[in-house]
Amino acid sequence: MTILVIAEHEKGAVAPATLNTVAAAAKIGGDIHVLVAGQNVGGVAEAAAKIAGVAKVLVADNAAYAHQLPENVAPLVAELGKGYSHVLAPATSNGKNILPRVAALLDVDQISEIISVESADTFKRPIYAGNAIATVQSNAAVKVITVRSTGFDAVAAEGGSAAVEAVAAAHDAGKSAFVGEELAKSDRPELTAAKIVVSGGRGMQNGENFKHLYALADKLGAAVGASRAAVDAGFVPNDMQVGQTGKIVAPQLYIAVGISGAIQHLAGMKDSKVIVAINKDEEAPIFQVADYGLVADLFEAIPELEKLV
Ligand SMILES: Cc1cc2nc3c(=O)[nH]c(=O)nc-3n(C[C@H](O)[C@H](O)[C@H](O)COP(=O)(O)OP(=O)(O)OC[C@H]3O[C@@H](n4cnc5c(N)ncnc54)[C@H](O)[C@@H]3O)c2cc1C
């Protein structure tokens, strides 16, 4: 049994979600190979070779894979994937863009967002916004799987010494071209990697009031998230959304401020280690999942909390 993990990388570095995906591969068992597809990714391949438990790194370094356009990367992964028992990618925007195409090209079902490995062919994954956990068994020749990173503790980024092998195949489907990107710039930690997340909801009333959360987050070294209601109201950009249709986070500490606790929001944060909720409505459902709850007006509680940090 040999497993191919598609490395998530950006700006010349292996993204943390890759380490969680390798952890899932290790639970399946067998040799683990990592594919690094991109352009000028020699440094990423070297870093991937050091990941604990990785036996081999395949590097597809070609202009066709610059920006990892899924139309080009998917045929590469499908071609390589035929020789593997499992193909795994993190359930990030990138992984979710590439892997369904791979599954289609290999004519197999995709197993999405697994949170645990029961055996080499049986996995658990949340359904109904995390309200039920399905156990899924697959008899596909190649099991194509996205991995929810919060379900697996990351393996060590250092300690391995895998062989690095170049892959010559260059697939340029000619269907899409990279035009440009506008990246949100923030000095705060990335939402899905942060140890502490402070999130605001509709109770914040407007985008200006998020300054209270930014001030608190900066003192705590935290990332700032938001509910979909806050995003839809235009308070903050949608890359801050936590939940079923946003980002899935599981930090050590999640502070939900002015968020009611709808199931779609809980789907994105309820695996957090400690949940603190601040809400003026004591009946708010968020208190059912909170370890610590403060029934208070957030405009009084947040500045007070900030002074105490
Ligand atoms: C298909 C689908 C997908 C969805 N995906 C997501 C998702 O990914 N993420 C997500 O978050 N939602 C998602 N939603 C929306 C979700 O159902 C809720 O509508 C949303 O989470 C509500 O956001 P909220 O808690 O900020 O707002 P509300 O439900 O309006 O809650 C605001 C809370 O703020 C409190 N409050 C108000 N003023 C104060 C104050 N001064 N001090 C303290 N507390 C105060 C109120 O008591 C209230 O509890 C989705 C919905 C659907 C149908």
Side-chain angles (χ1 to χ4, degrees), residues 17 90-97 112-113 115 125-134 146 148-151 184 190-194 196-217 222-251 253-272 275-309:
T92 54
S93 301
N94 214 27
K96 290 194 277 192
N97 209 352
S112 299
E113 304 222 14
I115 53 167
R125 59 178 297 262
I127 55 172
Y128 302 124
N131 282 310
I133 305 297
T146 57
R148 190 174 274 196
S149 56
T150 52
E190 209 279 314
L191 203 47
T192 53
I196 306 177
V197 173
V198 181
S199 281
R202 203 192 317 254
M204 297 304 297
Q205 293 179 1
N206 57 47
E208 167 71 12
N209 285 336
F210 265 73
K211 68 181 180 209
H212 300 297
L213 299 191
Y214 296 135
L216 176 63
V224 179
S227 71
R228 176 156 156 185
V231 169
D232 286 352
F235 299 172
V236 290
N238 67 2
D239 63 346
M240 286 171 62
Q241 185 180 317
V242 171
Q244 184 188 343
T245 43
K247 291 183 176 159
I248 310 286
V249 300
L253 173 62
Y254 188 89
I255 307 178
V257 184
I259 291 177
S260 59
I263 51 165
Q264 296 90 353
H265 187 79
L266 302 186
M269 45 64 73
K270 70 175 180 330
D271 290 332
S272 304
I275 298 172
V276 173
I278 302 173
N279 197 304
K280 67 178 182 185
D281 174 11
E282 62 180 35
E283 303 287 327
I286 191 76
F287 288 126
Q288 287 166 23
V289 296
D291 299 287
Y292 299 92
L294 178 63
V295 180
D297 187 317
L298 70 92
F299 295 106
E300 288 166 20
I302 294 297
E304 263 183 58
L305 191 57
E306 194 211 321
K307 269 188 239 154
L308 293 172
V309 176

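Numbering of ligands and ligand atoms starts at 1, following listing order. As the structure is a computational prediction, the values presented were derived from the model and not from experiment.
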Student: Are more than 12 heavy atoms from other residues, nucleotides or ligands located less than 6.0 Å from atom CZ of Phe299?
Tutor: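 Yes, enclosed.
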
Student: May I have the list of side-chain donor-acceptor pairs in residues 222-237 shorter than 3.5 Å, sequence neighbours left out?
Tutor:
| from | atom 1 | to | atom 2 | distance (Å) |
| --- | --- | --- | --- | --- |
| Ser227 | OG | Ala229 | N | 3.4 |
| Ser227 | OG | Ala230 | N | 3.2 |
| Arg228 | NE | Asp232 | OD2 | 3.3 |
| Arg228 | NH1 | Thr245 | OG1 | 3.2 |

Student: Pick whichever of Ile278, Leu298, Ile302, Asp281 has a heavy atom sitting closest to atom 40 (C) of ligand 1.
Tutor: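 Heavy atom nearest to atom 40 (C) of ligand 1 belongs to Leu298.
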
Student: Among all protein heavy atoms in this structure, tell me which lies nearest to atom 37 (C) of ligand 1, with the distance rounded to 0.1 Å.
Tutor: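 Result: Gly203 CA, 3.4 Å.
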
Student: In terms of atom number and element, which parts of ligand 1 are under 4.0 angstrom from non-hydrogen atoms of Gly246?
Tutor: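 By the 4.0 Å cutoff, the relevant atoms are 8 (O).
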
Student: In the protein, what heavy atom is nearest to atom 49 (O) of ligand 1, and what distance, to one decimal place, separates them?
Tutor: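 Result: Asn279 ND2, 2.8 Å.
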
Student: Could you identify the single nearest non-hydrogen protein atom to atom 17 (O) of ligand 1 and state the distance to 0.1 Å?
Tutor: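 That would be Gln264 OE1, 2.7 Å.
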
Student: side-chain hydrogen bond (donor to acceptor under 3.5 Å, both in side chains): which pairs involve residues 298-309, sequence neighbours left out?
Tutor: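 Not a single pair qualifies under side-chain hydrogen bond (donor to acceptor under 3.5 Å, both in side chains).
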
Student: State the atoms of ligand 1, each with its element, that fall below the 4.0 Å cut-off from a heavy-atom position in Gly243.
Tutor: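 Taking each heavy atom of Gly243 in turn, ligand 1 has 7 (C), 8 (O), 9 (N) under 4.0 Å.
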
Student: For atom 21 (O) of ligand 1, is the nearest protein heavy atom closer than 4.0 Å?
Tutor: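 Under the 4.0 Å cut-off, atom 21 (O) of ligand 1 does have protein heavy-atom neighbours.
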
Student: I'd like to know if Ala296 contacts ligand 1, where contact means a heavy-atom distance under 4.0 Å to any ligand atom.
Tutor: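 Within the 4.0 Å threshold, so yes.
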
Student: I need the nearest protein heavy-atom contact for atom 30 (O) of ligand 1: residue, atom name and distance, please.
Tutor: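 Ranking protein heavy atoms by distance from atom 30 (O) of ligand 1, first comes Arg202 NE, 2.6 Å.
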
Student: Please give me the minimum heavy-atom distance between Ala129 and Ala267, naming the atom from each residue.
Tutor: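 Shortest heavy-atom separation between Ala129 and Ala267 comes out as O-CB, 3.2 Å.
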
